[in-house]
Amino acid sequence: MPENKNVIYGINGPVVTIKGKTELSMMEMVYVGEKRLIGEVIKLEDDCTTIQVYEETTGLMPGEKVESTGNMLSLVLGPGIIRNIFDGIQRPLSAIEETSGAFIGKGASVDAIDTQKKWDVTIDVKEGDFLESGQVYAHCQESPVILHKMMVPPYIRGKVIECHQDGQYCVNDTIVKLKLDNGMEYCLTLCQKWPIRSPRPTKKRMGVVKPLITGQRVIDTLFPVAKGGAAAIPGGFGTGKTMTQHQLAKWCDADIIIYVGCGERGNEMTQALQEFSELIDPRTGKPLTDRTVLIANTSNMPVAAREASIYTGITIAEYYRDMGYHTALMADSTSRWAEALREISGRLEEMPADEGFPAYLPSRLSEFYERAGYVETLCGEEGSVTLIGAVSPQGSDFSEPVTQNTKRFTRCFWALDKSLAYARHYPAINWNDSYSEYLGELKGWYDENVSVEFIKNRDKICEILLEENGLLEIVNLVGSDMLPDDQKLTLEIARLIRVGFLQQNAFHKDDTFVSLEKQMKMMQVILHLYKKSMKIISKQIPISNILSTGLFDKAVKMKYDIPNDKLEMFDEYINEIDSKLETFFRE
Amino acid sequence: MEIKQKGLKQINGSLVVLEGVENPQYEEMVEIELNDSTKKIGRIVKIDGDKVVVQVFEGTRGISMTNVKTRKTGKPMEIALSPEILGRIFDGLGRPIDSLGEIYPTCHKDVNGAPINPVSRVYPRNYINTGISSIDALTTLIRGQKLPIFSGSGMKHNELAVQIVRQASVADNDDFAIVFAAMGVKNDVAEYFRRSFEEANVLNRVVMFLNLSNDPIIERIITPRCALTAAEYLAYELNKQILVVMTDMTSYAEALREFSSSKGEIPGRKGYPGYLYSDFASLYERAGIIKDSKGSVTQIPILTMPNDDITNPIPDLTGYITEGQIVLDRSLDYKGVYPPIGILASLSRLMKDGIGEGYTRDDHSALSNQLFAVYAKVQDAKSLAGVIGEDELSETDKMYIKFGKEFETRFINQGFYENRTIEETLDLGWELLSMLPKKELDRVDEEILKKHYIEN
């Protein structure tokens, strides 16, 4: 019997070895030991098989058996995923709480999604239909805002030979039976399985043309990310990575948010859980939890599961993308994931590359970020996965391997800056170091949907900030009093842009989310003020006269003073600028 | 039945290798008995068939290949606990050393603990009044938080920790207790803490775990785990509010590095093992509040930054796990400011939800934002003054410099026994902000400004 041969020989942290040749295959999921800890085969040799275990290995003994499952580490994809909170290998944490209390026990065997719950299913096919892979055969309302579509799994196609009535079904009930091309029968239930490390197939990849609207000014205006794009947020501790990720998860206009807390703080996940259930999505009027999936592998949970949690997240994102949704995955933080790779690689005694990270770090990162994209799905719909990965560089040093490699595979880079964070300028995205390569592709969308002025104004704002950067070097040497008035004006305007526009208060009810229209109007006011003031300065009128009008101070606070539903107030601002500055011309 | 095994295969630093062990469990404890019947404790850290690697906590001095007998205990490292541990002193492995005898345990607990399920956590919101202005106003400590003190050798981190403990205990009632873990600190320091607890009249509510600088280094890896297990027991089973002070995390990390290199592991940055982050997390993440219990575990780990370098792996990785940090500043310390808290680098992540109306006062968050912003400008003005001289500065910049001085001497600086109420602290903040013209205060709503700004 081959099963008897599979017994534990060596144990070193999360790495377990079996002596001798085994029938196991690469990346196969196995149960390790009497407690049936979940593991994955990561290395096969003639005389030794290596397994990484997703749980604590304390108490494991050599001689305990390793059970093969014949499957790769897979997820169960079906209704019941939304609103749930999972650990790194798709075990619902609330179910674990029921079995093992407030502290996570070992070998908890729970169903990934609730198998008892009945769903109101409508069946969309009839007997005799021929179904292609990815075709929708039934649907049900998973949450008030998400319609869950059951799709024929990839690589499966066949003729419907049996079809149940609409009605209430559990996830494992067969509702449609197919006869495949090879004559075999195939039962379609409400769910399907998919291995986490393989990207789900699509019909074709499309270009990115739409921005992911986040309501955060510095992102939407200066460095937008496209739907189907990938962005990185690097920053040392305390610079607000998590805060930025939370803001994006709350307000971005994706249909479904998958938030992966990968090796981060437990309290943060609790906070996300609580906040998301209290906050109302401005687009649907329903709680944010109705479109959110949380994956929590906190820093003290087993390290191997941390490595898997990223893949669990992206697979769920791809599954909903296949239904024709725009999904966004926030991974906080990918550095912890890379460190998990390093830790396991170290236990395997592999040859380390940069800073002890394994040599395959760049290829793993690129594989991951390439799973983002805007696609035509198998069922003919358009869907996208947007990836936003936080990076926690060691010692805030952006030259370390994870940041550098992430930079290569993402096209949008939001560099968080410690000195901005120290001055409590949030979001602390540094405008000089950040960039977005999507701008060119998205320009058409902005022109068409917001205004042709939008990108022009944005470029103007960038120009002023760049100019400020140059001027500040001089100011740091000689003080600002030495500058001519027109340059002083540039500094004042730049300050207005920084404080009044880029800085955004996540705790202010109006400022936490700002529509593109309001962003546009704010830019207009700022630039109008700039243009008019410049004219006055050119008439040799000192800048202090302009500042004493209070227009600048008022403009700094317009983000708070103008409610999001009263955008017509911006006209008053423009008028006030005109009338107050008009007096200088008369003099 | 007891199986004792004679002899060893190899001894290397604190690690010994045994062969022919039957049914070893990973991370099981073993007892090593020398010929002179002294006993040492070890833990299985690696298994290869019947060959096991054991880490000996008390060091391998005196052990030879033949003079020992080892016995497996069949259990992972455990600590005996009962309500009477309060007021007692233990060594780094949780054995009483205050000559008051053994304790009568009501339970034994695995020192490694288990991760708290995020859905069972309660998000911490209640603030702890420490009576120290710079902490209460700017880096508020929240019950259930882990807020480390980043210090350097020679700075007053111990005094600060003592003051926090003393003043926090005043505000609290009888449910309050302290767990103190010393790792590699000098005898004087441990004695200082003991004396201070005595002075503050809380000694009968303190549990001390001491691994001093002359104690075995490998034991240090277990010390914080014993302390946190005791803390969890007191908090979650006896419903107490626990403040855990752990000092010095730098010594702990060094012990881990020593252990890792003797095991022949591939080192990461500065020779620390690649799993330093996960290891730190397994300690720090044990702070918190859980649903079924009234108690809480709040952690104040203290670490000395080697060479005052905040990018060193120890403070760096700590900062990524903990919910903020209190950073002590060498230049403030030189100026004689106590506590020398460098507020710009300091941060409390849980503060935003634990302050404001219902917790402290409605203007708290506006005030702290404004103080941070203004103090950041003070630094800009200072560096400019360093180039062009203070006289050449603009009027506004001069005002900032003046504000900075007052802020440091009156707000940050306070007496070792001075316990300020939150109202006093906040009012002082407004008084200082009022030194600046109203238009410089751009982080505050008009309404709040009207209420608190003091016109000259």
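In the text below, chain A, chain B and the rest are named by the order of the sequence lines, each starting its count at 1.
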Separation between CD (B/E285) and CZ (A/R265), nearest 0.5 Å, reads 8.0 Å

Whatever's closer than 4.5 Å to a heavy atom in chain A on B/D353 counts as side chain

Under 4.5 Å to a heavy atom of chain A? For B/S293 that would be neither

Counting heavy-atom pairs under 4.5 Å with chain B, the top scorer among A/Q394, A/E268, A/E343 is A/Q394

Under 4.5 Å to a heavy atom of chain A? For B/L317 that would be side chain

Taking the side chain as C-beta and beyond, is there a heavy-atom pair between A/T298 and B/P118 under 4.5 Å? yes

- Would you say the side chain of B/Y236 lies within less than 4.5 Å of the side chain of A/F103, judging by non-hydrogen atoms? yes

ask   = Can you find a pair of side-chain heavy atoms, one from B/K291 and one from A/E97, that are under 4.5 Å apart?
value = yes

TODO: Please indicate whether A/K557 has more than 12 foreign heavy atoms, meaning atoms of other residues, nucleotides or ligands, lying under 6.0 Å from its NZ.
DONE: yes

The interface call for B/V45 against chain A, heavy-atom contacts under 4.5 Å, is backbone

The salt bridge (Lys or Arg N to Asp or Glu O under 4.0 Å) partners of B/K263 (sequence neighbours excluded) come to B/E265

Honestly, the part of B/E446 sitting under 4.5 Å from a heavy atom of chain A is side chain

Honestly, the part of B/I116 sitting under 4.5 Å from a heavy atom of chain A is both

Okay, B/R43 and chain A: the region with an atom under 4.5 Å from a heavy atom over there is neither

| said: Under a 4.0 Å threshold between the charged nitrogen and the carboxylate oxygen, would B/D442 count as salt-bridged to A/R495? | reply: yes

Is there side-chain contact between B/V119 and A/L273, with at least one heavy-atom pair below 4.5 Å?
yes

Hey, are the side chains of A/I96 and B/N117 touching, using non-hydrogen atoms and a 4.5 Å cut-off? yes

Filtered by a 4.5 Å non-hydrogen cutoff, the part of residues 319-327 of chain B contacting chain A is B/G319, B/Y320, B/I321, B/T322, B/E323, B/Q325

The interface call for B/V122 against chain A, heavy-atom contacts under 4.5 Å, is backbone

If one checks every heavy atom of B/I343 against chain A at 4.5 Å, the contacting part turns out to be backbone

So do B/R349 and A/M243 actually touch side chain to side chain, heavy atoms under 4.5 Å? no

When the 4.5 angstrom heavy-atom criterion is applied to B/A376 and chain A, the contacting part is side chain

message = I'd like to check A/N12 versus B/I47 (side-chain heavy atoms, cut-off strictly below 4.5 Å). Are they in contact?
response = no

request  = Answer yes or no: does atom CD of B/E357 have more than 12 heavy-atom neighbours from other residues, nucleotides or ligands under 6.0 Å?
outcome  = no

Applying a strict 4.5 Å limit to non-hydrogen atoms, the region of A/I104 in contact with chain B is both

More than 12 heavy atoms of other groups within 6.0 Å of B/E19 CD: yes

Residues 273-282 of chain B vs chain A, non-hydrogen distance cutoff under 4.5 Å, contacting residues -> B/G274, B/Y275, B/Y277, B/S278, B/A281, B/S282

- Which word best sums up how the rings of B/F150 and A/F237 line up, parallel for under 30°, tilted for 30 to 60°, or perpendicular for over 60°? perpendicular

Separation between OG1 (A/T17) and CG (B/D48), nearest 0.5 Å, reads 6.0 Å

If one checks every heavy atom of A/F552 against chain B at 4.5 Å, the contacting part turns out to be neither

Okay, A/A102 and chain B: the region with an atom under 4.5 Å from a heavy atom over there is both

Okay, A/P393 and chain B: the region with an atom under 4.5 Å from a heavy atom over there is both

Honestly, the part of A/Q274 sitting under 4.5 Å from a heavy atom of chain B is side chain

Bottom line for A/D553: the part with an atom under 4.5 Å from chain B's heavy atoms is side chain

Smallest heavy-atom separation, A/T270 atom then B/Y123 atom, equals CG2-N, 3.8 Å

Looking only at B/I310, B/I266, B/L350, most heavy-atom pairs under 4.5 Å shared with chain A are made by B/I266

Per-residue tally against chain B (heavy atom, under 4.5 Å) across A/S345, A/P62, A/G101, A/A296 peaks at A/P62

One option among B/Q379, B/E28, B/R269 has the most heavy-atom pairs under 4.5 Å with chain A, and it is B/R269

Here the gap from B/N112 atom CG to A/T58 atom OG1, rounded to the nearest 0.5 Å, amounts to 5.5 Å

Filtered by a 4.5 Å non-hydrogen cutoff, the part of residues 384-395 of chain B contacting chain A is B/L384, B/V387, B/I388, B/S394

Okay, A/K19 and chain B: the region with an atom under 4.5 Å from a heavy atom over there is neither

Honestly, the part of A/R342 sitting under 4.5 Å from a heavy atom of chain B is side chain

Okay, A/V478 and chain B: the region with an atom under 4.5 Å from a heavy atom over there is backbone

Cut-off 4.5 Å, heavy atoms of chain B, and the answer for A/E350 is backbone

If you tally heavy-atom pairs under 4.5 Å between each of B/A345, B/A373, B/G288, B/G74 and chain A, the highest tally belongs to B/A345

Heaviest contributor of heavy-atom pairs below 4.5 Å to chain B, chosen from A/G550, A/S392, A/G346, is A/S392

Cut-off 4.5 Å, heavy atoms of chain A, and the answer for B/P313 is neither

Chain A shares the most heavy-atom pairs under 4.5 Å, among B/Y375, B/F372, B/Y284, with B/F372

Please check: side-chain N/O of B/Y26 versus main-chain N/O of A/G13, any donor-acceptor pairing under 3.5 Å? yes

Among A/M269, A/H508, A/R306, A/K418, the residue with the most heavy-atom pairs under 4.5 Å to chain B is A/R306

When the 4.5 angstrom heavy-atom criterion is applied to B/K51 and chain A, the contacting part is neither

Does some side-chain heavy atom of B/R443 sit less than 4.5 Å from a side-chain heavy atom of A/R424? yes

When the 4.5 angstrom heavy-atom criterion is applied to B/V444 and chain A, the contacting part is backbone

Under 4.5 Å to a heavy atom of chain B? For A/E56 that would be neither

For a side-chain contact (heavy atoms from CB on, under 4.5 Å) check, start with the C-alpha distance between A/Q271 and B/R121, then their side-chain angles and the critical distance, and finish with the verdict. CA-CA 9 Å; A/Q271 181 199 6; B/R121 276 181 189 268; over 6 Å; no

| request: Just do the side-chain contact (heavy atoms from CB on, under 4.5 Å) check on B/Q145 and A/N267 with the steps written out, would you? | output: CA-CA 9 Å; B/Q145 186 176 20; A/N267 279 334; over 6 Å; no

The interface call for B/P76 against chain A, heavy-atom contacts under 4.5 Å, is side chain

Most contact-rich option vs chain B, by heavy-atom pairs under 4.5 angstrom, among A/G240, A/S419, A/G356, A/G236, is A/G236

